[in-house]
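Remember, predicted model here, so these are calculated numbers, not experimental data. Computed over heavy atoms, backbone and side chain alike; hydrogens, waters and symmetry mates excluded.
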Amino acid sequence: MTAKIAYDDVEVGTELPAQSFPVTRATLVQYAGASGDFNPIHWNEKFAVEVGLPDVIAHGMFTMAEAIRVVTDWAGDPAAVVEYGVRFTKPVVVPNDGTGALIEVSAKVAAKLDDQQVRVDITAMSAGQKVLGMSRAVVRLA
């Protein structure tokens with residue numbers, strides 16, 4: 001596969017389609033099984049509160065993976081992402097209320113680079129707080 005977006009068709013400031021990703025306790029259990037990360041802060045409310053968290057929190061790598069989906073969906077090929085990094089700024093708190101949490105992600109092209117590549121800056125929010133900082137991806141376009 002290759003990116004479906006042409007480098008020449010993209011300008012600095014181009015906004016990618018925003019997306020929202022729901023997260024429930026069931027989602028966290030599924031992710032724990034897939035990743036092998038069974039840390040109780042991700043599924044045991046009592047334990048999470050005892051260690052100073054407000055409630056169960058989503059896995060950082062899960063949050064990071066959900067955020068990059070905006071970029072991979074836009075590019076049309078996950079392999080088009082050649083670099084990706086974030087700083088974890090706030091946890092995604094996932095209450096046991098049947099609704100859970102929502103990760104809201106937006107992104108825009110911040111720079112055009114050499115070799116058909118662009119830098120995309122990503123904003124990920126949950127409960128009105130920025131949950132990822134310095135979230136950036138370098139994407140090779142067609």
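Contact record, Ala142 with Ala3: CB-O, 3.3 Å, taken as the closest heavy-atom pair. Between Val131 and Ser126 the shortest heavy-atom distance is CG1-CB, 3.8 Å. Minimum heavy-atom separation, Ala110 to Val12: O-CG1, 3.6 Å. The two residues Val70 and Val105 make their nearest non-hydrogen contact at CG2-CG1, 3.4 Å. Smallest separation of non-hydrogen atoms from Val120 and Ala107: CG1-CB, 3.7 Å. Val94 and Val23 get closest at one heavy-atom pair: CG1-O, 3.6 Å.
The pair Lys108-Asp121 fails the salt-bridge criterion, with no side-chain N (NZ, NE, NH1 or NH2) lying under 4.0 Å from an Asp/Glu carboxylate O. By the 4.0 Å N-to-carboxylate-O rule, Glu45 lies close enough to Arg25 to be salt-bridged with it.
With Glu83 contributing its side chain and Ala137 its backbone, the two residues share no donor-acceptor pair below 3.5 Å. Formation of a donor-acceptor pair under 3.5 Å by the Asn44 side chain with backbone atoms of Lys46 is found in this model. Here the side chain of Ser135 pairs no donor or acceptor atom with the backbone of Thr123 at under 3.5 angstrom.
A distance of 10.5 Å separates OG1 in Thr99 from CG in Asn96, rounded to the nearest 0.5 Å. For the atom pair NE2 of His42 and OG1 of Thr27, the computed distance is 13.5 Å after rounding to the nearest 0.5 Å. Rounding to the nearest 0.5 Å gives a distance of 8.0 Å between NZ of Lys112 and OG1 of Thr14. Remark: Arg119 CZ to Arg136 CZ distance equals 4.0 Å, nearest 0.5 Å.
A side-chain contact (heavy atoms from CB on, under 4.5 Å) with Pro78 holds for exactly one of Thr72, Asp73, Val71; it is Thr72. Here the options are Ile122, Val109, Val139, the test is side-chain contact (heavy atoms from CB on, under 4.5 Å), and the partner is Leu16; only Val109 passes. Checking Val81, Leu113, Val118 one by one against Val138, the side-chain contact (heavy atoms from CB on, under 4.5 Å) holds for a single residue, Leu113.
Within the structure, ring-ring contact (aromatic ring centres under 6.0 Å, His included) pairs that include any residue of residues 68-109 do not occur (at least two apart or interchain).
The hydrophobic clustering, which links ILVMFWY residues whose side-chain heavy atoms are closer than 4.5 Å, places Ile103 and Val86 together. No continuous path of hydrophobic side-chain contacts links Val92 to Ile41 [ILVMFWY only; heavy atoms under 4.5 Å].
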Please report the C-alpha distance between Asp77 and Lys4 in whole Å, then the side-chain angles of each, then the deciding distance to 0.1 Å, and finally whether the salt bridge (Lys or Arg N to Asp or Glu O under 4.0 Å) criterion is met. CA-CA 7 Å; Asp77 179 9; Lys4 296 181 181 2; over 6 Å; no
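Residues satisfying the side-chain contact (heavy atoms from CB on, under 4.5 Å) test with Glu104, not counting sequence neighbours, are Ser20, Leu102.
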Just distance, no hydrogens or angles: give the donor-acceptor pairs under 3.5 Å from side chains in residues 56-68, sequence neighbours left out.
| residue | atom | partner | partner atom | Å |
| --- | --- | --- | --- | --- |
| His59 | NE2 | Asp37 | O | 3.2 |
| Thr63 | OG1 | His59 | O | 3.1 |
| Glu66 | OE1 | Arg69 | NH1 | 3.0 |
| Glu66 | OE2 | Arg69 | NH1 | 3.4 |

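Between Val51 and Leu53, the closest side-chain pair of non-hydrogen atoms falls below 4.5 Å.
Within a 6.0 Å sphere centred on NZ of Lys90, other residues, nucleotides and ligands contribute 12 heavy atoms or fewer.
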